[in-house]
S.K.: 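Have a look at this one.
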Amino acid sequence: DTENKYKDSTLHVPLRTNEFRYILAVMQERAGHFNEAVALYQEALQNDIGLYTAHMRLAGIAEAHGRWPVAITERRNALNANPDDASLVFDLALTLAKAGQFQEAEETLKQAMDANPRDARVPYFLGVVDQQLGKAEDARVALARFIALAPSRYDRQIKDAHQRLAAQR
């Protein structure tokens, strides 16, 4: 059994070309080489349209550069590729809100709440968006729900929700 004693103990996982391309894109993104990363993500998507994480990464890059239409399209593409992931609905809603598309963000946040009613982040952002839309009562209901659901690690948002509710009175 001497042969096994000296074998490499690392786990060997063979990567296919597209997986390698995706990992290389992530590395390029982290290195700040966004154009190279975008090209590699897009190439990976040409080979696997269901690679929703590549859409998510492209959306993040677009958001960081204020390219809201691209970011929204990529968030939608990620959701289309993986429609069962409720977090992708939430991500799309946040991107819509950041882009100032509050009406569509509100509708999407309501879908996110239906998809995952236990995610405390959803009613918080729904309350914020409803305030932007001038829907004071809807905002009050959403923020109160957030306060009731939110774990203590959301202490900053809980404090903000209380301040938003106090300002409405």
S.K.: If you take all heavy atoms of A86 and A115, which pair is closest and at what distance?
M.R.: CB-CB, 3.7 Å
S.K.: Taking a hydrophobic cluster as the set of Ile, Leu, Val, Met, Phe, Trp and Tyr residues connected by side-chain heavy atoms closer than 4.5 Å, whether directly or through intermediates, do V70 and V38 fall within one such cluster?
M.R.: no
S.K.: Any chance you could lay out the salt bridge (charged side-chain N to carboxylate O under 4.0 Å, His left out) test for K159 and D155, step after step, and finish with the verdict?
M.R.: CA-CA 6 Å; K159 189 177 191 178; D155 58 331; over 6 Å; no
S.K.: Would you confirm whether N116, through its side chain, and A112, through its main-chain N or O, come within 3.5 Å as a donor-acceptor pair?
M.R.: no
S.K.: Indicate if Y154 and M113 have the same hydrophobic cluster label, given that clusters are the connected sets of ILVMFWY residues with side-chain heavy-atom separations under 4.5 angstrom.
M.R.: yes
S.K.: Donor-acceptor pair, distance only, cut-off 3.5 Å: does the side chain of Q111 make one with the backbone of V89?
M.R.: no
S.K.: Run the salt bridge (charged side-chain N to carboxylate O under 4.0 Å, His left out) check on R57 and E74 step by step: do they pass?
M.R.: CA-CA 9 Å; R57 306 287 282 192; E74 290 301 338; over 6 Å; no
S.K.: Evaluate F125 against F146 for side chain to side chain contact (heavy atoms under 4.5 Å, CB included), listing each step before the verdict.
M.R.: CA-CA 9 Å; F125 286 103; F146 166 72; over 6 Å; no
S.K.: I158 and V122: same hydrophobic cluster, using ILVMFWY side-chain contacts below 4.5 Å?
M.R.: yes
S.K.: Are H55 and Y41 side-chain neighbours, meaning at least one heavy-atom pair lies under 4.5 Å?
M.R.: no
S.K.: Step by step, work out the side chain to side chain contact (heavy atoms under 4.5 Å, CB included) result for R75 and L79.
M.R.: CA-CA 6 Å; R75 294 279 181 215; L79 184 56; over 6 Å; no
S.K.: Nearest heavy-atom pair of A144 and L165: which atoms, and what distance?
M.R.: N-CD1, 4.4 Å
S.K.: Between D119 and L149, does the side chain to side chain contact (heavy atoms under 4.5 Å, CB included) criterion hold? Intermediate values first, please.
M.R.: CA-CA 8 Å; D119 187 343; L149 286 174; over 6 Å; no
S.K.: How many angstroms lie between atom CG of L40 and atom CG of L45, to the nearest 0.5 angstrom?
M.R.: 11.0 Å
S.K.: Hydrophobic clustering (ILVMFWY, side-chain heavy atoms < 4.5 Å, transitive) - are I72 and F90 grouped together?
M.R.: no
S.K.: Counting distance only, does the side-chain N/O of N18 pair as donor-acceptor with the main-chain N or O of A44 below 3.5 Å?
M.R.: yes
S.K.: Restricting to non-hydrogen atoms, name the atom on W68 and the atom on E63 that form the minimum distance, rounded to 0.1 Å.
M.R.: CZ3-CG, 3.4 Å
S.K.: For A120 and A150, which heavy atoms make the closest approach, and how far apart are they?
M.R.: CB-CA, 3.8 Å
S.K.: As an exercise, state the distance from CG of L92 to CG of L109, rounded to the nearest 0.5 Å.
M.R.: 9.0 Å
S.K.: Nearest 0.5 Å, please: how far is OH in Y124 from CD in Q157?
M.R.: 5.5 Å
S.K.: Do I49 and L88 share a hydrophobic cluster (ILVMFWY, side-chain heavy atoms under 4.5 Å, transitive)?
M.R.: no
S.K.: Decide, yes or no, whether a salt bridge links R140 with E137 under the criterion of side-chain N to carboxylate O below 4.0 Å.
M.R.: yes
S.K.: Do the side chains of I23 and V26 get nearer than 4.5 Å, heavy atoms only?
M.R.: no
S.K.: Strictly below 4.0 Å, N to O, side chains only: are D160 and R164 in salt-bridge contact?
M.R.: yes
S.K.: Return yes when atom CZ of R67 has more than 12 non-hydrogen atoms of other residues, nucleotides or ligands closer than 6.0 Å, and no otherwise.
M.R.: no
S.K.: Do the rings of F34 and H65 sit parallel, tilted or perpendicular, given the 30° and 60° boundaries?
M.R.: perpendicular
S.K.: Going by the side-chain contact (heavy atoms from CB on, under 4.5 Å) test, name the single residue among L96, L133, V128 that passes it with F102.
M.R.: L133
S.K.: Identify the heavy atoms of D114 and P117 that sit nearest to each other, and give their distance.
M.R.: O-CD, 3.8 Å
S.K.: With side chain to side chain contact (heavy atoms under 4.5 Å, CB included) as the criterion, how do L126 and D130 come out once you've worked through the C-alpha distance, each side chain's angles and the decisive distance to 0.1 Å?
M.R.: CA-CA 6 Å; L126 181 58; D130 281 340; 3.8 Å; yes
S.K.: Measure the spacing between CG of N47 and OH of Y22 and express it to the nearest 0.5 Å.
M.R.: 15.0 Å
S.K.: Nearest 0.5 angstrom please: M56 CE to T95 OG1, how far?
M.R.: 10.0 Å
S.K.: Of all heavy-atom pairs between G127 and A139, which one has the smallest distance, and what is that distance?
M.R.: O-CB, 3.4 Å
S.K.: Kindly compute the distance separating CG (L51) from CD (Q46), expressed to the nearest 0.5 Å.
M.R.: 12.5 Å
S.K.: Ignoring hydrogens and angles, state whether a donor on the side chain of E106 or Q103 is under 3.5 Å from an acceptor on the partner side chain.
M.R.: yes
